[in-house]
Amino acid sequence: MRYRVFILLLIGFLTACKKDDPGMVQGPTPYALEIPSLFSEKLITPVLPTNNPLTEEGVALGEKLFFDKRLSLDGNISCASCHLPQQAFSDRRAVSLGIRGQEGERNAMPIFNLAWNYDDRFNWDGKALSLEAQAFRPVTHPKEMGNTWVNVARTLQEDTVYPNLFEQAFGTYKIDSVVITKALAQFERTLISAQAPFDQFLLGQRNLTPRQENGLAIFMDEDRGDCFHCHGSENNPLWTDNDFHNNGLDTDFADLGLGAITGDPADNGKFRTPSLRNLTRTAPYMHDGRFQTLEEVVNHYSEGLNPSATIDPLMKKVNQGGVQLTAQDKADLIAFLRSLSDPNFGQGIGPGD
Amino acid sequence: MILRNLSLFSLCLLMACTKSEKETTTEFELQFTQSWNGTPISSESLNSFQFQNEAGEKLSIERLRYLLSNIHLQLSNGTEIPLKAFHLVNLQKEESLKTNLTTFVTSKDIEAVSLLFGFDNEANQDGIYPDLNAVSWNVPKMLGGGYHFMQLDGKFENNAGELAPYNFHAIRAVDKSDPENLKFEDSFFEMEQSIESTTSRIRITIDMDISEWFVNPHLWYLESDATSLMPNFEAQKRIAANGKSVFSIQIESY
């Protein structure tokens, strides 16, 4: 008898640990994030905050919101107006156009692989401390969407479908900035780019051309390009260190970048290293979109560096203007950089898909 | 009978979950400190030209990261107990300057702690550590792959009176004069410190005197060797030789 009780107790214990049974209220369906094998093999796990787990319903809602112009005051601008799927979620302008055609201050950043930004610092200057926090900015920014959260929440609350979608994703009909930014962040975390020709090369599915091969060697060679110290390698397939550097664009800074956030003059002119994936679709380049082409970018590193107190020491030939690549090496380096662009990324995302 | 065994079994399980007795574990606090000629430095010391090397060159430090590995204890019975496989120190990351570890040995059985600067050749395999890949700590395949041992970057005042960058990077020394047939020379090195303690908490402080990288046995002139040191076989060997007097280890019981 005693033993029977004991066993019953044990069974009770065990079942208590099992997942809720079908009779209980169902929450949203967990979203199975497909992590590319190159990432799972080479990198640590992505940043997925426990207070905003990915769910099917949350991601779908985030996608809908991302393309919804009603997030802006005049109903003309959505997130996707500056972050176009066909441009790897950036745009073609040096600085984007926000509400009433106003120009912003910086180049719109592409959006992919952001769950692997481990330090969780977003924007060119690292000001936003999570994707959720980042999404707060554009909606109320006077030069971007120019809206108020009260107004956005009211607009969506009056919609016929949104309240239900929020209920399904977050268990609440009440729409506010918190659940809106959570949904947007969930959607953004699912934007993964890892299908470039160079990835296929790493997976043994194709060869590099001799020019791409030489370009990779220049990229990795401390005596020539020396790009890998900041922009990653086949072992860091994000192609960025997500850290902040001054890569020698200016001697005097119109935009202090990280320095304006930390208040430390030693950070002036430092910006977050962008990924080199999808460059064929993210022109123009740099935080202010000053370079139209990859040729201009490579010329900058080769002979256009500008000295300053905060220029990164890895810009080691600054006193000679740069790393002095030959015309052939420049062309090959660009051929390699292009192989990091994924022709299909962004397809099938957005309204109607 | 079966039931009795089962309950005995679960009793054992429960016991296994309770804390083991205090005397059988030793807690370690590993601290990684940095100094210049005996003066402690911190992330606050970065970026200003407050240092002068033995050759008389004024320099700043903008970035310092280094790898220690195979941190383990030597016991009086001759066995070795691993404490941590590797640890990356980054002067700008507070959390990397300290780590706490616990072992299931009593401190009186511990004779010494030893560790490596860098990775030995067995550990230094290309691309196998996701946390090191994630912080771009890799060495290009054309130099044998694997990982950096140290990145010390900054600027110095050169003979022309200009500020010039330096990248004092340490890796496994490689002679790549024949790219098809790389020749290596070991540049990791071991350090060891004896431990005499009977308390259950021990603090191990591993200090790097950065100034020592530039002297003893080789007086270092950044003027002639400041950048592109990774593919420079001779430079790597000299860095490794100078490294042997860089570290000092202190043991405190508390």
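Since we're looking at a predicted model, the values are computed, not measured. Below, chains carry the letters A, B, ... as their sequence lines are ordered, and counting in each starts from 1.
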Where on A/H231 is there a heavy atom nearer than 4.5 Å to chain B: the side chain, the backbone, both, or neither?
neither
Counting only heavy atoms closer than 4.5 Å, note whether B/L229 contacts chain A via side chain, backbone, both or neither.
backbone
Should A/L314 and B/E62 count as side-chain neighbours, where that means a heavy-atom distance under 4.5 Å?
no
Under 4.5 Å heavy-atom distance to chain A, tell me which part of B/M230 shows up: side chain, backbone, both or neither.
both
Chain B contact via A/E41 - which portion, at a heavy-atom distance below 4.5 Å:
backbone
Whatever's closer than 4.5 Å to a heavy atom in chain B on A/T310 counts as backbone
Does any backbone or side-chain atom of A/N242 lie under 4.5 Å from a heavy atom of chain B? Answer side chain, backbone, both or neither.
neither
With a 4.5 angstrom heavy-atom cut-off, could you sort out which part of A/A309 is near chain B: side chain, backbone, both or neither?
backbone
Got a donor-acceptor contact below 3.5 angstrom from the B/S136 side chain to the A/C230 backbone?
no
What part of B/N232 is in contact with chain A, defined as an atom under 4.5 angstrom from a non-hydrogen atom: side chain, backbone, both or neither?
neither
A/N319 side chain vs B/L163 backbone, donor-acceptor pair below 3.5 Å
yes
Under 4.5 Å from any heavy atom of chain A, what part of B/N47 do you find: side chain, backbone, both or neither?
side chain
Okay, side chain of B/N167, backbone of A/P313: is any donor-acceptor separation there less than 3.5 Å?
yes
Among A/T240, A/D226, A/I311, A/T45, which residue has the highest count of heavy-atom pairs closer than 4.5 Å to chain B?
A/I311
Carefully, step by step, assess B/M142 and A/L216 under the rule side chain to side chain contact (heavy atoms under 4.5 Å, CB included).
CA-CA 11 Å; B/M142 65 178 74; A/L216 171 64; over 6 Å; no
Proximity breakdown for A/D223 and chain B, heavy-atom pairs closer than 4.5 Å:
both
